[in-house]
Amino acid sequence: MKEGQPQAIHLKDYKVPPFLIETTDLHVELNEDETFVTATLRFTRNPDAENEKDLMLDGGKDLDTRLVEIDGRELLSNEYAIDDQSLTLFGVPDSFELKTKVAIKPQENTALEGLYRSGDMFCTQCEAEGFRNITWYLDRPDVMSVYRTTIDAEKKNYPILLSNGNAVARGEEGDRHWVTWEDPFKKPAYLFALVAGNLEFIEGTFETMSGRSITLQIFTESHNIDKVDYAMDALKRSMRWDEEVYGREYDLDIFMIVAVESFNMGAMENKGLNIFNTSCVLARPDTTTDAGYERVEAVVAHEYFHNWSGNRVTCRDWFQLSLKEGFTVFRDQSFSEDMGSETVCRVDQVQMLRAAQFPEDAGPMSHPIRPDSYIEINNFYTATVYEKGAEVVRMYHTLLGEERFRKGSDLYFERHDGQAVTTEEFTLAMEEANDADLGQFRHWYSQSGTPQVTVTGEYDSDAKTFTLDVEQFCPPTPGQPEKAAYHMPLAVGLLDSNGDDIAFTAEERDLATVRKDGEYTAVLHLREPKQTFVLGDVSEEPVPSLLRGFSAPVKLTYQYDRDQLMFLMKHDSDGFNRWEAGQRLAIDVIQEVVGQIQAGIEPMVDERIVRAFEHVLNEAVERNDDDGLDKAMIALMLALPSEQYLGELSEIVDVDSIHAAREEVRGAIARQLSGLFLSVYKLNKSEEAYAPEPTDIARRSLKNAALAYLMQPSDTEMVSLCVEQFEGSDNMTDTSAALRLLVNSASAEARDAKEKALTDFYNRWADEALVIDMWFQIQAACPLPNTLERVDALKQHEAYTLKNPNRARALIGPFCNANPVNFHDRSGSGYRYLADQVIELNGINPQVAARMLSPLTRWRRFDPGRQKLMKAELERILAQDDLSPDVFEIVSKSVEQE
Ligand code: PHE
Ligand code: ZN
């Protein structure tokens, strides 16, 4: 262990802030070489805190302090002390005004936390602890203050000067000008924002439910102003939805969004002034894919929803992060479900949970949605806090039902408006508004790990009962060898031999039935480690449909045979479980082939998977004119489970056999059903202009799913079909799908076509950063041999830079996360590559560097040879000097934990 290692912070050590800051007055003078920040803060002693003589403020090591003044008197050098991260004021009075002046250099801030430059503009990112890099402060979310901010900058290059709230004064002098902004709502420092630049904007208005008119503005650099109309529409839809579904109205008179090219995350909910990564706000048909459009809509909604779930009611401390994030993700998920197809959204959500959260929960960084400790809070913006957090909120909704859930959220917002609270307050509001007992439910906040639920079913033909024996078990995770049983909703249906739902009965205390359009579902409350549910009035031996809609974030086991899965795939009234049955069937069949490959036997693909896909495709052909969202579902049903998820399901991940087996199964399906795939492809081609409408998106997804199978063997004819789509398409969804298939094709026919397509694509889009990101992504994700050589060469490309997080992630991310055969190459070259990137990025942008590491942290899941290589790379990283706390935390937890 090296000296001065970063220390962990624990939830149990929480103390209320020693002082409160009533008002925060900032004066920011922006210059090219040095920026001066003068802060005038009105402090009063917190009546709830223990009386301490000295006051310690947070600050980053790059604050160059020029002035410290209390109540108008400059302090002597023995009246305060400054170190790398704090300013201590000795012997302060109970109430006083502090004035400090610091000089900072945003142009050198490559970590992109605090005030920094994105291209020619200045912008900020303060969550979680970036504000301390701007000025000395009590930088913690339970210190809430009213802000008044004056920005002073050169006029020509920074005509637009923005901060939170309303612009209340402005003026100019010579070649400089200034604007003062006032935010009437108290907020924690992490919601502060400032932007200065030569920006253009579009404007809209929204009339709220109480009849107030809100000005909406979206700002970008001039070359992107043609790509923000969709975000404006999405914003209006979000504002309406939050009024209708949660009764939440917007509070300020103006709401602004600014798009920036260099940003560590997706976007940020700063009060009245959201700042977005361009990747989450820009959209134009020829540059943005359908998935991109959906992401813009979801992220715009997410950040807007934070205005209530996050800003009006905020977090007491960072251990409570899921209070705002889990809830807000659930809100944006429900919004997307309402805008498009509920089932398609649900499948996407669950795929994401399984791809990112389950592995995290099974690895060295496993943590509860409310963690007990952290070294670097930036490392806890995780799939667990966000996505599992959203699942936990969804379970309240499932257990209580729509109406009672709303009663709970109303109480929560009303009671805690203007406060900084904990997850406990959320649970209490849900409990007290509904007179419900959620005592046991609280384990979801404190326990980590993915629960396993095992179900067996037995039919009694005399009693006409179907008995479900359910067991739950949560495996040990770091620091938590044993778990208490969870309270979770188990949504269950029973299918008769026609495939219709049986209207069964269940014991009163377990039952909340959902009946709609031929669907009959009971929500069973699972509470015990082992619990038996007797379902009555079951006229014949049923096939159970379990965990409908993925009613709890668990791994469910039930011994289905393949015929039952085919039956569920065809008939289940629950769309999610129809998809799930198809996945289970595919997993079963692929795993069988994995076994054959490992045993050195000739692989044999079970015919039944081909027949199941044939049925799905026939349905697609026969019901082509339905024109519904079903097409998106069909496309999802045609997608085999990913190699990563298949790996996740095996004890030791055999990367090569999984890849080979999946390709074998895909090949069998592609060969035997090529005629049908071609019909589906042709039926779903359209000459109509692009629209990001759910039904059009569905149609394109089905068409491109068919094209992917057609390109599996990729003979000359199919390659030309693909080239034709690449060249003829008017939208990025079809263009990029075709490019990806050409790049991934191993056939000789595709060889020249792919190089030409890549060159043409680059030349066509060289000025569109987000499209060039995609160009890097597609090449880095290619499963063919020699991809690492290409990735290495691309690192030298003129368009590549580690300094822009989107660009860095575009090359490193897909190679390490979506390209298992190449990343896990036996030689260890992929591991070495990732470690090199992390080491280099550590000095530039620690937060992004640390996030890249996750594939290496999973080393325990692989064979001994790979384990050794992966661990060696982690140790090489750990041995570096100047390791950031971000990277240190993840690497050290990965190698130490046994
Ligand atoms: N709070 C942001 C969101 O989820 C995410 C974020 C975290 C952005 C940290 C930047 C930094 O909406
Ligand atoms: Zn969020």
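Because only heavy atoms are used, hydrogens play no part in the values below, and waters and symmetry mates are left out as well, while side chains stay in. We count ligands from 1, going down the list as the structure has it; atoms in each ligand are counted the same way. Keep in mind that this is a model prediction, so the values were computed, not measured.
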Original post:
Which residue and non-hydrogen atom of the protein lie closest to atom 4 (O) of ligand 1, and at what distance in Å?
Top reply: Tyr386 OH, 2.6 Å
Original post:
Between Asn164 and Trp181, does any side-chain donor sit less than 3.5 Å from a side-chain acceptor?
Top reply: no
Original post:
Salt-bridged, Glu325 to Lys388, with N to O below 4.0 Å?
Top reply: no
Original post:
Should the pair Arg240-Glu243 be classified as a salt bridge under the 4.0 Å nitrogen-to-oxygen rule?
Top reply: yes
**OP:** Mind checking salt bridge (Lys or Arg N to Asp or Glu O under 4.0 Å) for Asp886 and listing every partner two or more places apart, or none if nothing turns up?
**Re:** none
Subject >> For Lys324, the ligand 1 atoms whose distance to one of its heavy atoms is below 4.0 Å >> reply: 1 (N)
Original post:
Taking the Zn ion (ligand 2) as the vertex, how big is the angle to OE1 in Glu325 and NE2 in His306, rounded to 10°?
Top reply: 100°
**OP:** For ligand 1, find out whether one of its N or O atoms is nearer than 3.5 Å to an N or O atom of Glu269.
**Re:** yes
Original post:
Going by distance only, is there an N or O of Glu325 that falls short of 3.5 Å from an N or O of ligand 1?
Top reply: yes
Original post:
Which residues pass the salt bridge (Lys or Arg N to Asp or Glu O under 4.0 Å) test with Glu182, sequence neighbours left out?
Top reply: Arg148
**OP:** Could you tell me if the ring centre of Phe335 sits under 6.0 Å from that of Phe305?
**Re:** yes
Original post:
With only distance considered, is His302 within less than 3.5 Å of ligand 1 through an N or O on each side?
Top reply: yes
Original post:
For atom 11 (C) of ligand 1, what's the nearest protein heavy atom and its distance?
Top reply: Gln125 NE2, 3.2 Å
Subject >> For the Zn ion (ligand 2): the N/O/S atom of His302 at shortest distance >> reply: NE2
Original post:
Does Glu113 come within less than 4.0 Å of ligand 1, judged by its heavy atoms?
Top reply: no
**OP:** Measure Ala267 to ligand 1 on non-hydrogen atoms and call it side chain, backbone, both or neither using the 4.0 Å cut-off.
**Re:** backbone
**OP:** May I ask you to identify the nearest protein heavy atom to atom 9 (C) of ligand 1, giving residue, atom name and distance to one decimal place in Å?
**Re:** Glu127 O, 3.7 Å
**OP:** Could you see which bit of Met265 sits under 4.0 Å from ligand 1, with heavy atoms only: side chain, backbone, both or neither?
**Re:** side chain
Original post:
Looking at the rings of Tyr147 and Phe185, which for Trp means the six-membered one, are their centres under 6.0 Å apart?
Top reply: no
**OP:** Just jot down the ligand 1 atoms closer than 4.0 angstrom to any heavy atom of His306, in number order.
**Re:** 3 (C), 4 (O), 12 (O)
Original post:
Should you measure from each heavy atom of Glu303, which atoms of ligand 1 turn up under 4.0 Å away?
Top reply: 3 (C), 12 (O)
**OP:** Given salt bridge (charged side-chain N to carboxylate O under 4.0 Å, His left out), test Arg415 with Asp410 step by step and report yes or no.
**Re:** CA-CA 8 Å; Arg415 230 188 223 177; Asp410 282 352; over 6 Å; no
**OP:** Is it possible for you to check whether Arg807 lies under 6.0 Å from the centre of the six-membered ring of Tyr800, through NZ or CZ, and within 45° of that ring's axis?
**Re:** no
